[in-house]
Amino acid sequence: MTLDGKVALVTGGSRGIGAATALRLAEDGADVVLTYVANAQRADEIVDRIKALGRRALAVAADHADSAAVTAAVEAAVAEFGRLDILVNNAGVGHVAPFAETEPADVSRVLTANVHGVFAITQAAAVHLGEGGRVITIGSCVSDRVPGPGMVLYAVSKSALTGFTKALARELAPRGVTVNLVHPGPTDTDMNPADGPSAADQASMTALGRYGRPDEVAATVAFLASSASSYVTAATLSVDGGHAA
């Protein structure tokens with residue numbers, strides 16, 4: 001599944017699933033631009049690891065809740081590498097709170113980052129995507145199965161990505177661009193560590209009885225980014241250890 005000559009943009013690519021995806025795409029041959037919000041040192045470390053693989057890399061500071069910033073990140077990618085072939089919408093924010101205690105400010109923050117941000121950067125990137133282009137968005141297993149209370153707002157924001165993916169796939173298909181969605185299950189990252197306070201409960205909800213690794217999600221993204229997935233579009237792929245079973 002070679003990605004030689006391709007340029008990928010991975011939002012939130014400095015940690016967790018985003019970092020694993022950026023590294024996997026580079027291993028498969030792509031040059032990679034990644035966005036980050038605050039931790040420039042961590043982003044630079046991923047850039048250095050990509051360059052050590054013999055690929056080009058660039059880190060761009062961009063808050064996914066700021067449409068102007070994510071649009072600028074797309075333009076920076078094209079200016080640096082001359083093209084854009086793959087967009088991975090990974091950046092997002094979480095929210096766990098009872099429905100009755102969810103404030104309007106919470107709704108605005110989560111929907112702005114998880115829905116509007118995806119819309120804005122994809123709209124900017126789509127201008128540059130041509131035949132063989134890829135849009136891959138990271139959703140969540142809570143779109144298929146909500147394991148308990150407190151997840152209403154987050155589930156709303158991630159479920160919206162299903163409609164976004166299906167509708168956009170119809171629009172971009174005539175240009176040879178595919179659009180797909182990946183739903184990770186409980187995955188061992190610093191935002192949701194496998195040794196966290198609710199980890200045992202989350203793991204028990206999967207058929208495999210364990211947390212996933214970021215590289216396991218990244219492997220599915222890499223497949224969708226490659227020519228091996230040329231007849232896959234408008235699809236939702238669950239990498240959740242059987243969480244939805």
Side-chain angles (χ1 to χ4, degrees), residues 1-3 5-13 17-18 20-22 24-25 28-35 62 64-65 67 70-71 73-75 77-78 81 83-92 111-144 155-185 216-240 244:
M1 298 192 296
T2 180
L3 298 176
K6 303 290 188 180
V7 174
L9 171 58
V10 181
T11 67
I17 292 171
T21 297
R24 175 56 191 269
L25 297 181
D28 288 354
D31 297 320
V32 181
V33 178
L34 59 94
T35 68
H64 209 54
S67 58
V70 295
T71 298
V74 170
E75 298 310 316
V78 175
F81 298 135
R83 59 187 295 162
L84 182 63
D85 304 283
I86 302 158
L87 172 65
V88 181
N89 287 311
N90 167 75
L111 294 185
T112 297
N114 293 359
V115 181
H116 185 269
V118 170
F119 195 102
I121 196 167
T122 307
Q123 193 172 49
V127 175
H128 302 285
L129 298 176
E131 182 70 33
R134 301 285 189 263
V135 176
I136 305 157
T137 302
I138 305 300
S140 170
C141 62
V142 301
S143 297
D144 291 326
V156 166
S157 72
K158 290 299 186 177
S159 295
L161 300 176
T162 299
F164 173 80
T165 297
K166 291 180 179 295
L168 188 62
R170 287 287 187 183
E171 291 212 19
L172 297 187
R175 290 166 45 193
V177 178
T178 64
V179 185
N180 292 293
L181 180 62
V182 175
H183 283 330
E216 292 176 306
V217 181
T220 299
V221 176
F223 161 70
L224 292 172
S226 75
S227 59
S229 69
S230 57
Y231 200 54
V232 181
T233 196
T236 299
L237 281 73
S238 295
V239 188
D240 65 356

Any sub-3.5 Å donor-acceptor pair from [X]'s side-chain atoms to [Y]'s backbone N or O?
| X | Y | value |
| --- | --- | --- |
| Lys158 | Ile138 | yes |
| Thr233 | Thr178 | no |
| Ser229 | Phe223 | yes |
| Thr11 | Ala91 | yes |
| His183 | Ser238 | no |

Just wondering, do [Y] and [X] contact through their side chains at under 4.5 Å, heavy atoms?
| X | Y | value |
| --- | --- | --- |
| Val239 | Val182 | yes |
| Ser226 | Arg134 | no |
| Pro184 | Asp240 | no |
| Val179 | Thr137 | no |
| Val232 | Asn180 | yes |
| Val74 | Leu9 | yes |

> Given Val221 and Asn90, is the side chain to side chain contact (heavy atoms under 4.5 Å, CB included) satisfied, shown in steps?
Replying inline: CA-CA 10 Å; Val221 176; Asn90 167 75; over 6 Å; no
>> Between Ile121 and His64, does the side chain to side chain contact (heavy atoms under 4.5 Å, CB included) criterion hold? Intermediate values first, please.
In response: CA-CA 8 Å; Ile121 196 167; His64 209 54; 3.8 Å; yes
>> Show every side chain to side chain donor-acceptor pair (under 3.5 Å) that has at least one partner inside residues 117-133, sequence neighbours left out.
In response: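 Non-adjacent pairs meeting side chain to side chain donor-acceptor pair (under 3.5 Å): Glu75-His128, Asn89-Thr122.
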>> Working note: Val33 + Val10, criterion side chain to side chain contact (heavy atoms under 4.5 Å, CB included); need CA distance, chi angles, decisive distance, verdict.
In response: CA-CA 6 Å; Val33 178; Val10 181; over 6 Å; no
> Of Val32, Leu25, Asp85, which is the lone residue that meets side-chain contact (heavy atoms from CB on, under 4.5 Å) with Leu3?
Replying inline: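 Option passing the side-chain contact (heavy atoms from CB on, under 4.5 Å) with Leu3: Leu25.
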> For the side-chain contact (heavy atoms from CB on, under 4.5 Å) test, which of Ile17, Leu237, Thr21 pairs with Val217?
Replying inline: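 For Val217, the side-chain contact (heavy atoms from CB on, under 4.5 Å) test succeeds with only one of Ile17, Leu237, Thr21, which is Ile17.
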>> According to salt bridge (charged side-chain N to carboxylate O under 4.0 Å, His left out), who are the partners of Asp31, at least two apart in sequence or on a separate chain?
In response: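 Result, salt bridge (charged side-chain N to carboxylate O under 4.0 Å, His left out) vs Asp31: Arg55, Arg56.
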> When you look at Asp28 and Thr2, which way does the side chain to side chain contact (heavy atoms under 4.5 Å, CB included) test go after all the steps?
Replying inline: CA-CA 5 Å; Asp28 288 354; Thr2 180; over 6 Å; no
Solution key, residues 169-177 side-chain donor-acceptor pairs under 3.5 Å, sequence neighbours excluded:
| residue | atom | partner | partner atom | Å |
| --- | --- | --- | --- | --- |
| Arg175 | NH2 | Ala126 | O | 2.3 |
| Arg175 | NH2 | Leu129 | O | 2.7 |

